[in-house]
Amino acid sequence: MAPVQRTASKIAWSVEKQDSFGSPLSNADLTRFLKLQEPIVIDESAEHWTDRGMIGTGHDWETQRGRIRQYVRFEIPVQPLPVDFIGYLLALLFSYDSSQQLGSGAYEHTSRFQSLGTRPEAYVTTFAVQEDGNDYYLQDIACASLTLRGEGSNRCEAGGSFLASRIGGTLSGYSWPEASPLRYLYNYAGTFSIGGDSGKRAQLRSFELTLESGINTGLAWRKAAAEAERIYPCVWPYTPERNLALGLTMLAESGDLADFRIAQQEGTASEMIISCLGEKISGTSPDDFDEIEITVPQAVCTRLDYGYDDGLLHLDLDIQGAWHEATGGPLSVKTVEGSVSGYFPTG
């Protein structure tokens with residue numbers, strides 16, 4: 001693939017998904033605005049064939065070149081992102097969102113891995129982006145991987161890798177949405193429990209959750225009705241190559257090191273819950289707060305390292321998730337916020 005890179009720091013996005021692959025959202029759907037601290041890096045890659053060395057050219061040099069495949073990859077660098085956008089990226093990665101309105105008036109969204117029989121292909125959406133004053137859109141966007149991170153007293157951060165079928169062209173007559181205050185989450189507000197023991201809340205220093213959706217780009221090209229469409233992908237198919245990895249840094253208390261050693265050696269699974277809280281959601285009664293909650297019902301410790309810093313014992317843990325019947329997979333992620341009644345309303 002020959003990379004052709006560009007950057008953009010302004011995104012207009014929608015709480016909806018596309019009705020189908022190849023049918024981008026309209027300008028009127030792109031109603032939410034986000035200005036990134038670190039810009040998106042967009043790579044419009046193309047793979048070519050040439051006739052160099054082919055019999056009949058009379059020499060060994062290239063005289064013809066053509067495109068075999070072309071698609072777009074882009075990265076949103078890990079950075080503080082608002083809770084509504086993180087919730088949308090989670091729903092996009094899992095191609096699933098179960099939404100309800102709580103008694104407080106806030107909205108709760110739950111995302112989790114879906115079975116391949118139920119969801120063999122990724123949901124796709126459209127972004128408007130701006131580069132050097134030029135407005136254009138990316139269509140058929142799917143989320144390939146996502147990272148959620150909390151560290152120290154910082155805001156909760158997120159970022160990931162994305163795929164798009166193409167840069168759809170210039171946005172004609174598009175008016176960018178008005179900027180509005182962004183609502184963030186914080187690492188040092190929320191919960192942390194292992195096996196139902198919430199007394200370990202103060203021990204958590206940082207966490208990083210990495211999710212991979214299992215999209216196989218090699219299977220994305222299928223028979224196209226027109227030759228001009230041949231070079232573009234037709235679908236983003238899921239495969240069993242999905243994964244989650246959770247890393248934790250903790251301050252240890254008496255007995256923690258021995259307990260985690262035993263759990264690692266025996267492969268003991270226990271429930272692990274991590275949440276980050278944000279501001280009070282206006283109009284909720286009783287008071288409710290922006291939140292993301294990660295639940296790994298069958299968390300297994302696969303790596304344990306430790307060391308001393310300023311006389312305190314620090315533990316570094318790697319966690320994997322095993323199958324859980326009620327969750328239908330290894331984890332679920334809940335988002336609570338006050339502005340989106342449901343992602344993918346066109347479903």
Side-chain angles (χ1 to χ4, degrees), residues 4-44 71-77 79-93 95 97 99 106-107 109 122-143 146 155 158-185 232 278-279 281-283 290 335 337-347:
V4 180
Q5 293 187 335
R6 59 181 78 191
T7 60
S9 58
K10 289 177 63 175
I11 300 175
W13 59 283
S14 172
V15 298
E16 300 184 21
K17 66 177 178 69
Q18 293 179 198
D19 288 333
S20 61
F21 205 97
S23 300
L25 296 173
S26 68
N27 290 2
D29 295 320
L30 302 172
T31 58
R32 294 188 168 242
F33 174 79
L34 183 63
K35 177 72 163 61
L36 295 171
Q37 178 179 322
E38 295 186 48
I40 294 173
V41 179
I42 302 170
D43 177 6
E44 187 180 15
Y71 71 108
V72 178
R73 294 173 291 185
F74 67 91
E75 300 278 337
I76 297 180
Q79 61 191 289
L81 293 178
V83 60
D84 59 341
F85 191 59
I86 293 177
Y88 185 64
L89 295 184
L90 284 162
L92 191 63
L93 178 127
S95 292
D97 173 57
S99 302
Y107 300 108
H109 310 272
Y123 283 177
V124 291
T125 191
T126 306
F127 285 171
V129 295
Q130 185 179 77
E131 179 192 35
D132 296 332
N134 297 314
D135 301 337
Y136 58 93
Y137 65 93
L138 304 172
Q139 69 179 65
D140 308 317
I141 294 172
C143 184
L146 194 63
R155 291 171 291 175
S161 300
F162 300 82
L163 301 166
S165 68
R166 68 185 80 185
I167 295 176
T170 303
L171 288 164
S172 178
Y174 181 63
S175 297
W176 281 83
E178 293 292 329
S180 59
L182 303 181
R183 301 175 64 87
Y184 294 97
L185 304 161
Y232 299 108
E279 300 175 52
I281 300 171
S282 177
D290 293 324
T335 306
E337 49 82 52
S339 66
V340 181
S341 59
Y343 297 118
F344 313 138
T346 61

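This one's a predicted model, so the numbers in the text were calculated from it and none came from an experiment. Heads up: numbering here begins at 1 and tracks the sequence.
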Undergrad: For the residue pair I40 and L36, what are the closest heavy atoms and their distance?
TA: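 Closest pair (atom of I40, atom of L36, distance): CG1-CD1, 3.5 Å.
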Undergrad: Can you find a side-chain donor-acceptor pair between E337 and S339 that sits under 3.5 Å?
TA: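 On atom types as modelled, these side chains qualify, holding a pair under 3.5 Å.
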Undergrad: How many angstroms lie between CG in D135 and NZ in K10, if you round to the nearest 0.5 Å?
TA: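 Answer rounded to 0.5 Å: 7.0 Å.
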Undergrad: Please name the pair of heavy atoms, one in I141 and one in F74, separated by the smallest distance, quoted to 0.1 Å.
TA: CG2-CZ, 3.9 Å
Undergrad: CD1/I11 to CZ/F33 distance, rounded to the nearest 0.5 angstrom?
TA: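 Output value for this atom pair is 9.5 Å.
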Undergrad: Atom CD of Q139 and atom CZ of F21: how far apart are they, to the nearest 0.5 Å?
TA: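 Rounded to the nearest 0.5 Å, the CD-CZ separation comes to 8.0 Å.
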Undergrad: Work out which heavy atom in G338 is nearest to a heavy atom in D290; give both atom names and the distance.
TA: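 Taking G338 first and D290 second, the nearest heavy atoms are N-OD1, 4.2 Å.
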Undergrad: Does H109 use its side chain to pair, donor to acceptor, with the backbone of L90 at less than 3.5 Å?
TA: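 It does not hold such a pair.
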Undergrad: Determine whether a donor-acceptor pair (N or O, by modelled atom type, separation under 3.5 Å) exists between the side chain of T125 and the backbone of E16.
TA: yes
Undergrad: Return the minimal non-hydrogen interatomic distance between L185 and G278, and the atom names on each side.
TA: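 It is CD2-N, 3.6 Å.
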Undergrad: Between A12 and L30, which heavy-atom pair has the shortest distance, and what is it?
TA: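 Looking at all heavy atoms of both residues, the closest pair is O-CD2, 4.0 Å.
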Undergrad: Apply side chain to side chain contact (heavy atoms under 4.5 Å, CB included) to the pair L89 and L81, showing each step before the final yes or no.
TA: CA-CA 10 Å; L89 295 184; L81 293 178; 4.2 Å; yes
Undergrad: Can you list everything that forms a side-chain hydrogen bond (donor to acceptor under 3.5 Å, both in side chains) with R166? Sequence neighbours excluded, please.
TA: E229
Undergrad: Side chain of D97, backbone of Y343: donor and acceptor closer than 3.5 Å?
TA: yes
Undergrad: Of all residues at least two apart in sequence or in a different chain, which pass the side-chain hydrogen bond (donor to acceptor under 3.5 Å, both in side chains) check with D140?
TA: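 Q18, S165.
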Undergrad: Walk me through whether T335 and I86 qualify under side chain to side chain contact (heavy atoms under 4.5 Å, CB included).
TA: CA-CA 8 Å; T335 306; I86 293 177; 5.7 Å; no
Undergrad: Hey, can you tell me if F127 and F85 have their rings parallel, tilted or perpendicular (30° and 60° cut-offs)?
TA: tilted
Undergrad: Are any of the side-chain heavy atoms of R32 and Y88 separated by less than 4.5 Å?
TA: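 The answer is no; the side chains never approach within 4.5 Å.
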Undergrad: Could you walk me through whether L34 and L182 pass the side chain to side chain contact (heavy atoms under 4.5 Å, CB included) check?
TA: CA-CA 9 Å; L34 183 63; L182 303 181; 3.9 Å; yes
Undergrad: Could you state the interatomic distance from CZ (R73) to CD1 (I42), rounded to the nearest 0.5 Å?
TA: 13.0 Å
Undergrad: Could you work out, with side-chain hydrogen bond (donor to acceptor under 3.5 Å, both in side chains) as the rule, every residue matching S20, not counting sequence neighbours?
TA: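 S20 satisfies side-chain hydrogen bond (donor to acceptor under 3.5 Å, both in side chains) with S23 only.
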Undergrad: Is it true that a side-chain atom of Y137 and a backbone atom of P24 form a donor plus acceptor pair closer than 3.5 Å?
TA: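 No, Y137 side chain to P24 backbone: no donor-acceptor pair under 3.5 Å.
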Undergrad: Tell me if a side-chain donor or acceptor on S95 pairs with a main-chain N or O of A122 at a distance below 3.5 Å.
TA: no
Undergrad: Which is it for V72 and D43 under the side chain to side chain contact (heavy atoms under 4.5 Å, CB included) test, yes or no, and what are the steps along the way?
TA: CA-CA 6 Å; V72 178; D43 177 6; over 6 Å; no
Undergrad: Can you tell me how far CD of E38 sits from CD1 of I76, rounded to the nearest 0.5 angstrom?
TA: 11.5 Å
Undergrad: Measuring from W13:CH2 to L92:CG, what's the distance to the nearest 0.5 Å?
TA: 10.5 Å
Undergrad: Report yes or no: does Q79 contribute a side-chain atom to a donor-acceptor pair with the main-chain N or O of P77 at less than 3.5 Å?
TA: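 Yes, because the side chain of Q79 sits within donor-acceptor range (under 3.5 Å) of the backbone of P77.
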